[in-house]
Structure formats: C-alpha cells, structure tokens
Amino acid sequence: MPELPEVQTVVDTLSPRILGRSIARVDLRRSDIVDPAGIDLPQLITGRTVTSLTRRGKRIVFTLDDGNLFYIHLGMTGRLTIETPDAAIRKHTHLILSLNPEPRTLTPLELRFVDPRRFGGIWWCGKDAPKDTMGPEPLTITANELATRLKKTHRPIKNALMDQRVIAGLGNIYVDESLHAAGIHPLTFADRLKPAQVARLTKCIKSVLNKAIRHRGSTLRDYLDGEGKAGQFQKLHRVYARDGEPCLNCSTLIKRIVLGGRSTCFCPTCQRR
DNA sequence: GTCCATGTTCTTTA
DNA sequence: CTAAAGAACATGGA
C-alpha cells in the first residue's frame, strides 16, 4: 500500500492529533511486530510525549520528549489511524496508544496500528539516529545526484528505482507512473540513460509524487490516512494496473510485464526501448 | 483449489 | 568478493 505519498499523508493527518499529547497507556497486542525483539516497548514509551513526527522514505519517525526515537513502517497492508476509544477494535490490531487529551479539549484519542500481513512493524532506535542506508529523498534530489546513482547499476531502471538504497520512498505504483510520465521504457538499463532522460525522469518523479500527495495518496485496497480517509490518486493512475486498457496519451494498449517479481505496466508507444 | 497484491530482507546464483 | 535474481514472509480477495 504505502509509498511516499501515502506515508506523507499519514504523517500530515496524524501530526495535529498526536503532537503534544502524552502516551497514557500502551496496549501491545502482538509483541513480534517490535524490533529488536525482546524490548519492553510499553515501558519505554508510557508517559512520554511525541514531540515530532516526520517521514523518511516510507518510514514514519516518532521523536519523544526524552530524546528517544522509533519508527513505524506500514509494509504492504499497515494502517495507522486515530480513533476514539469507543471505536470497535478491528482484526489485526497490533498496537494501541492511548493519548491524553490536550489541556483544552476533553477528547481522549487512540493511535492504532493495524496490519493483516504483518510486513510492517515498529523499530526502536533509542537515542541514535536510525540506521539509514536509504538513498536521497525524491522530492529534493537533483538530476545530477540521481544520474550519479543510476550510473552505478546495470539493472533495468524499474528495478533500480524500486531499490530504496538508490532513491527512497518509491514503490511499484509510483515508479511505473513516473517512468510513463518521463517516456522511459522500464527495461532500459539504469546506467544507459542519457543525461536528458535522467533530467526528465527527475522532474517527472517529483511532479507525480506531488500530485499524488495533493490527492492524498492511492487507495487500492487497504490504504487509509491517519483520519481513516481513502486516497483519490488511484483515479488518476495512467499505467498502474491498467494493462489491456488504452494509453491515455496515445490509445496504445498498456502492456504488463514482470520485473523484479513485480508486475510492471507501461505504454509500448510512449515508452520506447 | 489458484493467482495476485502498495514491501523488505534473506538466500542463492552468476 | 560483489551484483543481481529469486524466494520467503502472512493474509485476504478475486
């Protein structure tokens, strides 16, 4: 589910509800979603206040008032939503944080983490910056920076852009959409792209992501933002999951191939080899 | 029953 | 050794 635009939307919707509230109770219903295994997460965070909530790649980074830090990754089906305590607890709810009301309001809230497939989880970092082998943020990367990184790998551009060490935050949807916008065939070797193509790709990645953020992400099945609302950008996908349908630019039928074990959709006319 | 799914990480292969 | 490809993880829907 969640790539950069979805994760950014979750952070944006959660921030006003979480920042400044202290954590009154922690209900960790499945301790195997916490890494490292064996730490006492409830003991570490009960009574603390979240002082900042940020995104790095697809991670949601929580900073606490004692300087400790952890992040949540939503994996494929993870959801992080604000609920009132009386809301029904749905299946696969693994963590509930009860948040004290702000001084002026009397509404207690809960932050709930739900993740059926459990590819997501919570990573405790303590006071150290999280171990970070991720590439640069796509919204601020320069064309030169991306070009340098792509030059180092002889893989199809699709695979390279999916690799979080090359560039952080992109996944299957937004790589396909960006490559289509840039007119680049997904099988093109990353190290063979011309500077003009990388420049165009950089621009397209940014415009696709920004547009997706404005539409609050893509909801295919599981994704909801922090307030429980679905995204709308799936209605504007131009290639993702549109195989067999006409290209919105040229009417050629969108083709589907498998790359890196993932389905990859592209327009054979707009994206020539 | 089968296949597929927004992601990451470990293992195997070249 | 390294880079790249493939399998594995767990659940649910079509």
Side-chain angles (χ1 to χ4, degrees), chain A residues 1-11 29-37 55-60 71-81 90-94 113-123 130-135 138 149-179 186-192 205 208-209 212-213 215-225 229-244 256-265:
Chain A
M1 125 172 105
E3 305 179 30
L4 186 150
E6 291 76 34
V7 176
Q8 185 63 53
T9 304
V10 169
V11 167
R29 303 160 66 92
R30 266 202 87 117
S31 53
D32 62 353
I33 59 157
V34 180
D35 186 288
R55 179 194 58 75
R56 167 73 176 120
K58 299 173 190 171
R59 298 174 175 177
I60 301 167
Y71 66 86
I72 290 181
H73 196 295
L74 298 175
M76 202 93 101
T77 56
R79 242 186 226 177
L80 206 49
T81 52
R90 50 184 304 128
K91 205 174 168 183
H92 305 299
T93 298
H94 306 316
F113 177 59
V114 177
D115 183 13
R117 285 171 77 175
R118 271 180 284 126
F119 290 172
I122 300 157
W123 280 261
K131 190 176 163 191
D132 189 350
T133 53
M134 270 184 275
R149 303 179 81 85
L150 294 179
K151 273 284 177 239
K152 292 180 183 162
T153 185
H154 187 67
R155 281 181 290 176
I157 183 65
K158 159 89 183 199
N159 304 49
L161 293 176
M162 293 276 289
D163 186 339
Q164 303 299 298
R165 295 167 303 186
V166 173
I167 184 169
L170 300 179
N172 210 24
I173 298 173
Y174 296 104
V175 168
D176 280 8
E177 293 296 322
S178 299
L179 287 175
L187 282 171
T188 313
F189 287 118
D191 55 354
R192 298 272 293 272
I205 288 170
V208 165
L209 293 178
I213 292 170
H215 289 83
R216 313 182 67 78
S218 303
T219 295
L220 305 181
R221 192 211 235 75
D222 301 288
Y223 169 72
L224 297 178
D225 70 18
K229 290 194 294 197
Q232 300 300 317
F233 190 69
Q234 67 282 359
K235 297 169 184 167
L236 302 179
H237 291 171
R238 298 180 80 80
V239 281
Y240 180 82
R242 292 195 66 246
D243 46 309
R256 174 186 182 272
I257 58 175
V258 174
L259 271 184
R262 318 301 299 271
S263 62
T264 298
C265 296

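Quick note on labels: first sequence line is chain A, next is B, and so on, each numbered from 1.
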From [atom1] of [X] over to [atom2] of [N], roughly how many Å is that when rounded to an integer?
{"X": "A/L150", "N": "C/dA3", "atom1": "CG", "atom2": "P", "answer": "15 Å"}
{"X": "A/Q164", "N": "B/dT9", "atom1": "CD", "atom2": "P", "answer": "9 Å"}
{"X": "A/W123", "N": "B/dT8", "atom1": "CH2", "atom2": "P", "answer": "9 Å"}
{"X": "A/N172", "N": "B/dT8", "atom1": "CG", "atom2": "C1'", "answer": "14 Å"}
{"X": "A/H154", "N": "C/dA4", "atom1": "NE2", "atom2": "P", "answer": "8 Å"}
{"X": "A/F189", "N": "C/dA5", "atom1": "CZ", "atom2": "C1'", "answer": "13 Å"}
{"X": "A/K91", "N": "C/dT11", "atom1": "NZ", "atom2": "P", "answer": "9 Å"}
{"X": "A/D222", "N": "B/dG7", "atom1": "CG", "atom2": "P", "answer": "12 Å"}

Open item on the list: Which is more 5' along DNA chain C, the nucleotide nearest A/R221 or the one nearest A/N159? Just name the residue.
Closed with: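 Residue closer to the 5' terminus by nearest nucleotide: A/N159.
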
Which part of the nucleic acid, if any, lies within reach of [X] when heavy atoms closer than 4.0 Å are counted: base, sugar-phosphate only, or nothing?
{"X": "A/R165", "value": "nothing"}
{"X": "A/T219", "value": "nothing"}
{"X": "A/G171", "value": "sugar-phosphate"}

TODO: Return the nucleotide paired to C/dA5: Watson-Crick means purine N1 to pyrimidine N3 with N6-O4 or O6-N4, wobble means G-U with N1-O2 and O6-N3, both under 3.5 Å.
DONE: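 Paired with C/dA5, as far as the under-3.5 Å criterion goes, is B/dT11.
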
Tell me whether the side-chain N/O atoms of [X] come closer than 4.0 Å to OP1 or OP2 in [N].
{"X": "A/K58", "N": "B/dT8", "value": "yes"}
{"X": "A/H92", "N": "C/dA10", "value": "no"}
{"X": "A/R262", "N": "C/dA5", "value": "no"}
{"X": "A/K152", "N": "C/dA3", "value": "no"}
{"X": "A/R118", "N": "C/dA10", "value": "no"}
{"X": "A/T153", "N": "C/dA3", "value": "no"}
{"X": "A/S263", "N": "B/dA5", "value": "yes"}

Open item on the list: Between A/K158 and A/D176, does any side-chain N to carboxylate O distance fall below 4.0 Å?
Closed with: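 So A/K158 pairs with A/D176 through a salt bridge.
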
Open item on the list: Do the side chains of A/D163 and A/R155 get close enough for a salt bridge, i.e. N-O under 4.0 angstrom?
Closed with: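 Yes.
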
Taking all non-hydrogen atoms of both residues into account, name the closest pair between [X] and [Y] and its distance.
{"X": "A/L74", "Y": "A/P2", "answer": "CB-CG, 3.4 Å"}
{"X": "A/S178", "Y": "A/I205", "answer": "OG-CA, 3.6 Å"}
{"X": "A/R149", "Y": "A/G135", "answer": "NH2-CA, 3.6 Å"}

- [ ] Return the stacking result for B/dT8 and A/F119: yes when the ring centres lie under 5.5 Å apart and the planes under 30°, no otherwise.
- [x]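 One would not call A/F119 stacked on the B/dT8 base.
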
- [ ] When you get a sec, tell me which of C/dT11, B/dA5, C/dA4 is the closest nucleotide to the side chain of A/R256?
- [x]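 Comparing C/dT11, B/dA5, C/dA4 against the side chain of A/R256, the answer is B/dA5.
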
Open item on the list: Base of B/dA5, side chain of A/R117 - is there a donor-acceptor contact under 3.5 Å?
Closed with: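 It does, because a donor-acceptor pair links the side chain of A/R117 to the base of B/dA5 below 3.5 Å.
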
TODO: If the plane angle is over 60° it's perpendicular, under 30° parallel, otherwise tilted; pick one for A/W123 and A/Y71.
DONE: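 Correct class here is parallel.
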
